[in-house]
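Report on the following structure.
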Amino acid sequence: MDFIPYAKHLIDDDDIKEVVSVLKSDWITSGPKVEEFEYEVCRYLGAKYGVAVNSGTSALDIAVQALGLEEGDEIITTPFTFVATPNSIIYNRCRPVFADIKKDSFNIDPESVRRLITEKTRAILYVDYAGQPCDIAELKKIADEHDLFLIEDAAHALGAEYDNKKIGTFADITTFSFHPVKPITTGEGGMAVTNDASLHEKLKILRNHGIDKDGRERFGPDANWSYDMKLLGRNYRITDFQCALGLSQLKKLDEFIRKREKIAQKYNRELATDGVQLPKFHENTRSGWHLYAVLLPEDIDRDRFFNLMREKKIGANVHYIPCYKHSYYVRNNITGNCPVAEEVFSRIITLPLHQGLDDDETDYVISSFKKSLEEVR
Ligand SMILES: *Cc1c(COP(=O)(O)O)cnc(C)c1O
């Protein structure tokens, strides 16, 4: 058995054909394929506006910037995420305030959010961990009560559903990532989605240095040379050949999710053992199943278990180290007090789950999991 990674892209000949055809066309960046990708993602989500950028991190950065907050404003977020989430707050000179998570979903705990609200709180930035939607109704209620913005980091949750609606229109801005480990890929890439026309306008220009006209608007015999830089944006543009890959991948997204969902169901059936906390299928939601993460029994040494899995060539992983434990955060005194996140971190392990995982590999992961549990005890 070859090494089995925890996540992996699946690219076929159709995908490659689409990319090559764009490489032979006139527009290879900021062209028609970018718009088409934005349009199709929005159509899939039932959203109004999408701005495709060069990474999920860039999408988060412009999402926070588009809110127009002031230095020192606070944004409540989860520590149980990839560092890009709270980093986007710091890029914009605001302060990440870490709320604790819930032990059943590993998602931000609305009760903890409530306790952390101050005069300076302006927004809640929540993450749908593993593709499992947060308690969005409760977060919206808090946002309404305290007049806060909501940003949803849905890097894991493209195609996931809450109340029979796709994730993408619940928050003021929702962001996605198209990194190869994510639900669909463009190599690197991301998108910020909103139903608000003025936020859309800001997101669009922030992607392109804060300039009010893009390359296509300044091209051709009838175009004028003038433009204005309105905001301090950056170059977060994405290429047309990446968006061609994204368009082709998007057609397969529902099939990818069904495959991952089936594997997750099989894991749940086969791995049910005393003391192991398996992911739940929550009511009113459909997970995108980006990750399959379990809590090991309290008496199991997670790191020894991890090594036993890696020895069996299984790309087990740990998602995530609570962000405030990273040395940059410690050095800059950006702290958190999240006992649930810390306990979950000490016991959690991610098992391989992706659309390319076949039956043999799935069975091998299951038998290796059981064997490693026995070995560690
Ligand atoms: C992957 C990821 C990001 C960043 O996306 P990139 O496309 O890698 O920049 C942000 N947030 C979460 C939760 C992620 O998993």
Side-chain angles (χ1 to χ4, degrees), residues 5-9 34 37 41 50-65 75-92 96 98-99 101 105-108 123-134 136 139 150-160 167-168 170-171 173-193 203 206-207 234-239 242-243 245-246 249-250 260 287-293 317-324 326 329 341 344-345 348 350 353-354:
Y6 83 89
K8 193 178 178 220
H9 60 277
V34 177
F37 185 44
V41 168
V51 175
V53 288
N54 59 355
S55 74
T57 305
S58 301
L60 278 168
D61 186 12
I62 60 172
V64 175
Q65 205 185 338
I75 299 182
I76 299 177
T77 190
T78 172
F80 207 64
T81 181
F82 184 53
V83 287
T85 313
N87 285 356
S88 70
I89 299 169
I90 300 170
Y91 296 154
N92 288 287
F98 292 109
I101 59 170
S105 62
F106 315 139
N107 277 334
I108 196 164
I124 305 168
L125 168 48
Y126 58 98
V127 177
D128 303 308
Y129 178 90
Q132 171 60 47
C134 289
I136 295 174
L139 293 171
L150 288 175
I151 299 179
E152 183 157 356
D153 178 348
H156 298 186
L158 184 66
I167 293 297
F170 294 102
I173 303 174
T174 304
T175 66
F176 297 97
S177 164
F178 308 121
H179 182 274
V181 299
K182 302 293 161 69
I184 62 168
T185 192
T186 59
E188 296 280 356
M191 197 177 292
V193 168
L203 292 167
L206 286 170
R207 157 178 69 183
R234 309 195 188 224
N235 176 359
Y236 283 162
R237 298 184 302 253
I238 187 168
T239 67
Q242 287 174 293
C243 290
L245 178 56
Q249 289 259 301
L250 185 64
R260 295 195 298 259
S287 177
W289 291 107
H290 162 55
L291 297 176
Y292 186 90
N317 219 313
V318 172
H319 298 96
Y320 288 98
I321 304 163
C323 292
Y324 57 76
H326 287 285
Y329 279 75
V344 167
F345 163 58
I348 203 162
T350 301
L353 177 62
H354 56 86

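Whatever order the structure lists them in is the order used to number ligands and atoms, beginning at 1. Any value given below was found using the heavy atoms of this structure, including those in side chains, with hydrogens, waters and symmetry copies removed.
With rounding to the nearest 0.5 angstrom, the CZ atom of R260 is 8.5 Å from the NE2 atom of H290.
With a 4.0 Å heavy-atom cut-off, ligand 1 is reached by the backbone of S55 and by its side chain too. Contact annotation: for T81 versus ligand 1, heavy atoms closer than 4.0 Å belong to the side chain alone. When non-hydrogen atoms are compared, ligand 1 lies under 4.0 Å from the side chain of H156 (C-beta onward) but not from its backbone.
Nearest to atom 11 (N) of ligand 1 among the protein's heavy atoms is D153 OD2, 2.7 Å.
Ring-plane geometry between Y6 and H319 is classed as tilted, the angle between the planes lying from 30 to 60 degrees on a 0 to 90 degree scale. Classified by interplanar angle (parallel below 30°, tilted 30° to 60°, perpendicular above 60°), the ring pair F98/Y324 is tilted.
Closest approach of P133 and N107 over heavy atoms only: O-ND2, 3.3 Å.
The backbone N or O of A7 lies less than 3.5 Å from no partner atom in the side chain of H354, so there is not a single donor-acceptor pair. Within the 3.5 Å criterion, the main-chain N or O of F178 finds a donor-acceptor partner in the side chain of T185.
Annotation: side chain of N92 is in contact with side chain of Q65 (closest heavy-atom distance under 4.5 Å). With contacts defined as side-chain heavy-atom distances shorter than 4.5 Å, the pair T57/Y91 qualifies.
For atom 7 (O) of ligand 1, the nearest non-hydrogen atom from the set S177, P180, A157 comes from S177. Closest heavy-atom approach to atom 4 (C) of ligand 1 among the candidates V53, N54, T57: T57.
Look at K182 and you'll find a heavy atom under 4.0 Å from some atom of ligand 1. Using a 4.0 angstrom heavy-atom cutoff, Y320 counts as in contact with ligand 1.
The G56 neighbourhood of ligand 1 comprises atoms 5 (O), 6 (P), 7 (O), 9 (O), with distances under 4.0 Å to a heavy atom of that residue. The A84 neighbourhood of ligand 1 comprises atoms 4 (C), 10 (C), with distances under 4.0 Å to a heavy atom of that residue. Distances below 4.0 Å separate heavy atoms of G189 from the following atoms of ligand 1: 7 (O).
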